[in-house]
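The shown structure was predicted, so the numbers you read here are calculated from the model rather than taken from an experiment.
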Amino acid sequence: MKSKNPAVRWLYEYGVITLGCALYALSFNWFFQPNNISMGGFTGVAQIVNRFISVLPVGVTSILLNVPLFYLGVRKQGVKLLISSLYAMSMGSLMIDGLAAVYTFGPMEPMLASIYGGVLLGVSMGLMLTVGATTGGTELAARLLKYKLRSLSIGRLCLAIDVTVICLYAMTFHSVNNALYGIVAMYISSLAMDTVVYGSINAKIAYIISNRSSEVAARLLEMDLGITLLNGRGGYSGDEKQVVLCAFKRSQIAVIKASVTAIDPNAFIIVCEAHEVLGEGFGEYTPDSL
């Protein structure tokens, strides 16, 4: 949300964080906790540490592990990250305990729990990341790693960290089956997270090859679409051709195909997925972009 009113923007951001915390608490209490499926993250690391050093409680250890990450996060993104993430951590913990006190969910088929728990967890994490907040742990670590590993999505980074923790958890507690279910849940979670974080800026690219390329280009310009004309040569005929390159929103694909084929029914149209498009009418690059 790009409101110029700071109060409206603040209410929106913290409303999204609160919704994300509610979904996080629901996924934990409904799908993960009753079925003993590991969520990975720093909680899993804290459980492993507690196994060998029993005097260190899981909760305290998890907080201590987050301290250096929050320090690095503040240096990279400022105090706003610290405040919003502390709010997310506190609200998430309160909601988990509050929901558990009100209602106790029973166990279910572990695979169903992994699938639906992964979706709900990924959506909750993705929502918080879109407004610059995390619950600490895996998400914050992945956000910091993103500065160095630009080619990997935030979901993939979270998946790599979580799977590593889950594997260590399985070796420590000899709980292979639950670890395998946890890996399934984390994989689905990474897909859901990427969909929330990047889905709104996904676009498509069309390469249009036509003998009436000038008319096609003029029609696309009338539709307020940006185009680029590329020089090409037919591989079989050797004829010079102009290739019309056009990036557009997903919702525009049907009208573009209809418009092009109305001008030239024999036009050759190649439509490709564009993971991210930056520029006028699409997203904007910032150093903190996910």
Side-chain angles (χ1 to χ4, degrees), residues 1-2 9-10 12-25 27-28 38-46 61-93 118-166 185-202 275-276 278 283-290:
M1 184 180 184
K2 296 182 179 180
R9 189 167 61 248
W10 184 88
Y12 170 78
E13 291 177 354
Y14 278 83
V16 170
I17 294 171
T18 303
L19 175 60
C21 290
L23 295 177
Y24 179 85
S27 68
F28 180 82
S38 174
M39 292 179 72
F42 277 21
T43 302
V45 175
T61 304
S62 181
I63 292 172
L64 292 175
L65 290 171
N66 271 297
V67 169
L69 282 183
F70 275 116
Y71 172 74
L72 292 173
V74 170
R75 290 191 61 185
K76 283 286 186 181
Q77 295 188 284
V79 179
K80 180 184 175 183
L81 174 72
L82 177 64
I83 296 172
S84 60
S85 296
L86 286 175
Y87 173 81
M89 285 178 61
S90 303
M91 186 59 67
S93 299
V119 170
L120 206 57
L121 178 65
V123 170
S124 70
M125 295 293 98
L127 284 173
M128 286 186 269
L129 284 168
T130 57
V131 292
T134 74
T135 55
T138 302
E139 296 76 37
L140 183 53
R143 192 179 182 94
L144 293 173
L145 284 172
K146 183 72 175 170
Y147 285 99
K148 298 292 185 182
L149 304 172
R150 284 290 183 184
S151 61
L152 295 177
S153 70
I154 194 75
R156 296 292 178 178
L157 289 169
C158 285
L159 176 63
I161 297 169
D162 282 328
V163 168
T164 301
V165 173
I166 289 172
M186 292 303 104
Y187 176 72
I188 294 173
S189 172
S190 72
L191 296 179
M193 188 186 303
D194 280 346
T195 299
V196 173
V197 173
Y198 302 112
S200 61
I201 52 178
N202 273 3
H275 174 67
E276 187 174 3
L278 303 177
E284 296 180 4
Y285 174 77
T286 64
D288 296 329
S289 295
L290 294 171

Would you find a donor on one side and an acceptor on the other, under 3.5 Å apart, between the side chain of [X] and the backbone of [Y]?
X      : Y      : value
Thr18  : Tyr14  : yes
Asp162 : Met186 : no
Ser84  : Gly132 : yes
Ser90  : Tyr87  : no

The test is side-chain contact (heavy atoms from CB on, under 4.5 Å); show your working for Cys21 and Met128 and say whether it passes.
CA-CA 8 Å; Cys21 290; Met128 286 186 269; 4.1 Å; yes

To check you understand the geometry: which heavy-atom pair defines the closest contact between [X] and [Y], and what is its length?
X      : Y      : result
Val119 : Ala192 : O-CB, 3.8 Å
Asp194 : Ser153 : OD2-OG, 2.7 Å
Ile17  : Ala133 : CD1-CB, 3.6 Å
Gly41  : Thr138 : CA-OG1, 2.9 Å

Assess whether atom CZ of Phe70 is packed by more than 12 heavy atoms of other residues, nucleotides or ligands within 6.0 Å.
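More than 12 heavy atoms, drawn from other residues, nucleotides or ligands, come within 6.0 Å of this atom.
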
Just so I know, are the side chains of [X] and [Y] near enough to count as touching, which here means a heavy-atom distance under 4.5 Å?
X      : Y      : answer
Leu65  : Leu69  : no
Arg143 : Leu129 : yes
Tyr12  : Val131 : yes
Met193 : Cys158 : yes
Thr195 : Val123 : no
Lys76  : Lys146 : no
Pro68  : Leu72  : no

If I take atom [atom1] from residue [X] and atom [atom2] from residue [Y], how far apart are they, to the nearest 0.5 angstrom?
X      : Y      : atom1 : atom2 : answer
Leu23  : Leu121 : CG    : CG    : 10.0 Å
Thr134 : Met125 : OG1   : CE    : 8.0 Å
Leu144 : Leu157 : CG    : CG    : 10.5 Å

Not counting sequence neighbours, which residues clear side chain to side chain contact (heavy atoms under 4.5 Å, CB included) with Val163? List them please.
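Val163 satisfies side chain to side chain contact (heavy atoms under 4.5 Å, CB included) with Leu159, Cys167, Ile183 once adjacent residues are dropped.
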
